[in-house]
Structure formats: structure tokens, C-alpha cells
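A short worksheet on the structure shown next.
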Amino acid sequence: MNTALKHWREAATVILAAGLRRAQSADSLKTGLEKVSDIAHISAFDYQVLLLKRSGSSGFMPNAYVFPGGLADASDFSSDWQEVFQSFTKAPNYGIGVVKQPPETRPPIFATDRAQLGSPIPGDVAFRICAVRETFEESGVLLAVPTHEESGIRVRTDDARDSDPQPTLTTLSGLWDRDVLSKWRSLVISDSANFIKMCKELQCLPNIWALHEWGNWLTPVGMHGKQRRYDTAFYICCLRDTPHTLHDEKEIVHFKWSSPSEVLHSYKSKEIWVAPPQFYELGRMCRCPALADLHRFAWQRSLEGCEQWLPIHLVAPDCFASVLPGDALYPEKVDRSVKSGGVMKTETSLEELQQDSANLHRIVGQDPYSITVRMNITPKCRTDGQKLVFFGKSVHFYLLMWNLSHSV
């Protein structure tokens, strides 16, 4: 955990995609997708995604539906984890592999040398531990591998190739009684350091190998007053089956397993409020209704790295927008340490902004429920044949924009 950060707090979140019991074939899913014109009504998914509703009394995004995750804790970087992962400490990044992205372009949350901050645990490992721990706390879903099964863990080495066979979908161990897990869950909620004790006593390892790097979002500068700001590592994990789920009745008051398209439709219908990064990522997932394809893509691109995305607010006479890296309007130099500002204003109309910009990567809307993603660029970090980035010159999704009254 980087205690030197002044404006952001480091966090980790995981997109949990779990298969349905009656799964359709990948070919039939693709055919169904091609026949549907409105992405919000696609129901031909063979998986669902876990969303958790935050408490209305929460100090950050109250009542929002979010992916499980939360703040990194000092215990996530504890040297005690070396004993838990003793069979993997000599493998690159404990066997999750080394990202190909040049260090100078790597987001700081991943590039920071944690040894210089006093931790022997690589950041790529520690933030996965954080995501696993927070998922257990908030939903009761334990992404862990029994120690006696660690020999079956797929380790990625420096010379790993994208052509290597991908691992199978993740299955959760039924080794532990629910009452036992409930007891430990309460202990971990009360003190994050108890997660290490739990893994030692239950003889298990956080399944860091099932979490694939997906992205890095920074909370943009707020429009009004003070706010909490986070530097969040996003991961994705594909489960074979939907697990037993419980909310913690404190920070989380409700959980919801739904397909990406169902979530977007619920938002369009004003039934739920979903945080901007979640909506953007769900929009990407809508291009991949088959869990096997999603898993294959996540596995292949996980060592490509990712960009750090800090949205910049743009206010125009007839619209508002969040401008993302790669867009023609995105500033060449962004001061990520600013405490205020970070807002661009223009008298140019939406149509003129569209015509004047060759490269588009923005979220635009006239109100919080008439939002579209405008994107025609190719992201810097991707694998060949990537198909999860928005297709076309201007692909529209029902994505939530950073509401001017709910800046995050």
C-alpha cells in the first residue's frame, strides 16, 4: 500500500462473471447477438455478473451498484503472505506472469516498486489479494485454492505465449462448511489482517491466478467540493458456476446477478444506478455473450497491460462529457495531483465537437439517462483480434456519464 499518495487511495475490484447452469453454445449466442439491434435487450448470455448495491449512508457513491472490491490494506502487502505462497515465491509474480507493457507506460499502481515501500509482495500480487479479500467480505464468495490442490495451479512464466492453452473456468472449492466461512468472514471484516490467519488455518491460498488484469480507473476531479478519490485496479474472473452469495448488511445492502445487457437495460429503465466505470466495462462485455470467449480474451490480454484512465470533465452548452485518453480533446499533459479543477468548458455544440474530433473516446450525454459512448480509436494495450472494444465509428451504449451532481 502506497502511503505516500496524497490525492488517491489505492483500491482493487474484480468483475465476477459466472456461468449459467443451462448454457447455450457459443455459435448460437453469436447468432443471437447479430440478430438484435438494441444491445440493451440482448438476453442471449450464458453468464451473469455480480453487482453489489452500496448502502444509502455510504460516504462514496451511496445506493450505487458496483463490482465487489475496496481499499487496499497494509495486510495485503504483509510479508506473512510469503509463507502462504511459499511454493510460488520463486516464480515471476508468484506465477501470474509478467506483463509485457514497458515499465515507463505502466500505470503507477502496478509499476511502483513495492520493495522500496517496505513490502516483499509484488503489487500485482497484493492487489489481487485485496480484490479476493474484499470480495469475500462483501459477498461471501471466497476465491481460494486449497493448499493440497496447489499443484494443479497453472503458472505463467516469462516465456509464456498467448497461444498456450488457456486454463479452464474457475471452480470454487466446497471444502469448507458455510458456518466456518461465516465465522471467518466476520473476523476478516473486523480486521483485514485476519484474512492471512484464515488462509493459514484453512490451508488455502487466495486464487490470484484466476484474476486477470482488466484496467485501471482513477476517480476524476469533482465538480463540487471535496470528495474521495481512488486509484483502482480492475480485474476479471470467470467462474464456471454462480456461487452462493451473501451481502454484508453494512456497506452492501443487496446483491444482484445479471447479464451485462440486463444491467444496462435496468439502468436505462431507471431501476438502478450503476457507477460510470462499471457501466463502461459492462458495455465492453456486451460484445461477448459467451463466457468461454470472454475467458479466452481475458486470459490472452492479461499480460498486455493497461492504460491508466483519468476522465476529464467537459461541459458544453448542450451536453456534458467525460473525455478519456486517446480522444482528440484529451489534454497532452494531465496534472494528476490537482485537488481542484480538471474541468474543461466550451461554447461548442455537441455536433460541432463530434465533427471537429478525428479521434473519439468519450462518454457524452444531455442528461444522466441519455448517455452514449463515442469511440473510434484502438486502445494501446490489447491483443490481436481483440473484440471487446466498442465496434464501429460511434457505438452507442446506455452508459452512465459522471453526473455533475454525483462526481466520483
Side-chain angles (χ1 to χ4, degrees), residues 10-19 47 49-52 66-73 76-77 81 84-85 88 91-99 101 106-107 109-110 114 121-146 149-150 152-156 160 166-173 188 192 195 199 204-217 231-243 245 277-278 281 284-285 291 294-306 381 383 388:
E10 292 178 320
T13 189
V14 59
I15 304 171
L16 275 186
Y47 66 89
V49 176
L50 177 61
L51 290 173
L52 306 175
V66 298
F67 301 132
L71 286 172
D73 186 80
D76 300 324
F77 295 85
W81 284 114
V84 177
F85 289 98
F88 301 90
N93 273 351
Y94 290 22
I96 60 176
V98 178
V99 172
Q101 186 177 11
R106 196 96 170 98
I109 192 173
F110 300 120
R114 301 292 161 168
I121 310 300
D124 286 329
V125 173
F127 286 110
R128 283 173 167 84
I129 292 173
C130 170
V132 171
R133 174 181 56 76
E134 285 286 342
T135 298
F136 180 53
E137 290 182 25
E138 294 184 338
S139 70
V141 177
L142 179 59
L143 302 171
V145 180
E149 296 180 7
E150 66 178 26
I153 293 173
R154 172 70 179 277
V155 173
R156 303 182 83 167
Q166 71 182 49
T168 57
L169 294 170
T170 300
T171 56
L172 300 183
S173 176
V188 175
S192 297
F195 192 49
C199 289
C204 65
L205 304 86
N207 195 348
I208 59 175
W209 307 274
L211 272 62
H212 306 301
E213 185 176 310
W214 189 256
N216 175 213
W217 287 83
D231 184 354
T232 306
F234 274 64
Y235 300 98
I236 190 167
C237 176
C238 296
L239 304 176
R240 187 184 67 182
D241 301 306
T242 303
T245 312
Q278 279 80 353
E281 301 301 354
R284 294 175 66 195
M285 296 172 71
L291 183 61
L294 178 66
H295 183 46
R296 184 180 303 110
F297 172 79
W299 163 258
Q300 290 177 342
R301 77 147 310 280
S302 61
L303 297 186
E304 293 296 318
C306 65
C381 302
T383 56
L388 288 190

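Counting begins at 1 with the first residue of the sequence.
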Hey, does [Y] have a side-chain heavy atom less than 4.5 Å from the side chain of [X]?
X: T135; Y: V132; value: no
X: H212; Y: C238; value: no
X: E281; Y: I236; value: no
X: C130; Y: F77; value: no
X: H295; Y: Y47; value: no

Side chain of [X], backbone of [Y]: donor and acceptor closer than 3.5 Å?
X: R301; Y: E213; answer: yes
X: R128; Y: L211; answer: yes
X: E134; Y: T13; answer: no
X: W209; Y: Y94; answer: yes
X: D241; Y: A18; answer: no

**Request:** Just do the side-chain contact (heavy atoms from CB on, under 4.5 Å) check on I208 and I129 with the steps written out, would you?
**Result:** CA-CA 7 Å; I208 59 175; I129 292 173; 4.1 Å; yes

Minimum-distance pair of heavy atoms, taken over all atoms of [X] and [Y]:
X: E10; Y: I109; value: OE2-CG1, 3.9 Å
X: V99; Y: E304; value: CG1-C, 3.8 Å
X: L52; Y: E138; value: CD1-OE1, 3.5 Å
X: P146; Y: S173; value: CG-OG, 3.5 Å
X: A17; Y: M285; value: CB-CE, 4.5 Å
X: V49; Y: F67; value: CG1-CE2, 3.7 Å

Nearest 0.5 angstrom please: [X] [atom1] to [Y] [atom2], how far?
X: L294; Y: W299; atom1: CG; atom2: CH2; answer: 14.5 Å
X: R156; Y: L303; atom1: CZ; atom2: CG; answer: 4.0 Å
X: F127; Y: T232; atom1: CZ; atom2: OG1; answer: 9.5 Å
X: R154; Y: T168; atom1: CZ; atom2: OG1; answer: 10.0 Å
X: F297; Y: R284; atom1: CZ; atom2: CZ; answer: 5.5 Å

**Complete:** Which of I153, N93, I96 passes side-chain contact (heavy atoms from CB on, under 4.5 Å) with F88? Answer is I153

**Complete:** Of P68, C237, P243, the one forming a side-chain contact (heavy atoms from CB on, under 4.5 Å) with V141 is P243

**Asked** What is the ring orientation for F234 with W217, classed by angle as parallel under 30°, tilted 30 to 60°, or perpendicular over 60°?
**Response** tilted

**Prompt:** How about F195 and W81: are their ring centroids closer than 6.0 Å?
**Reply:** yes

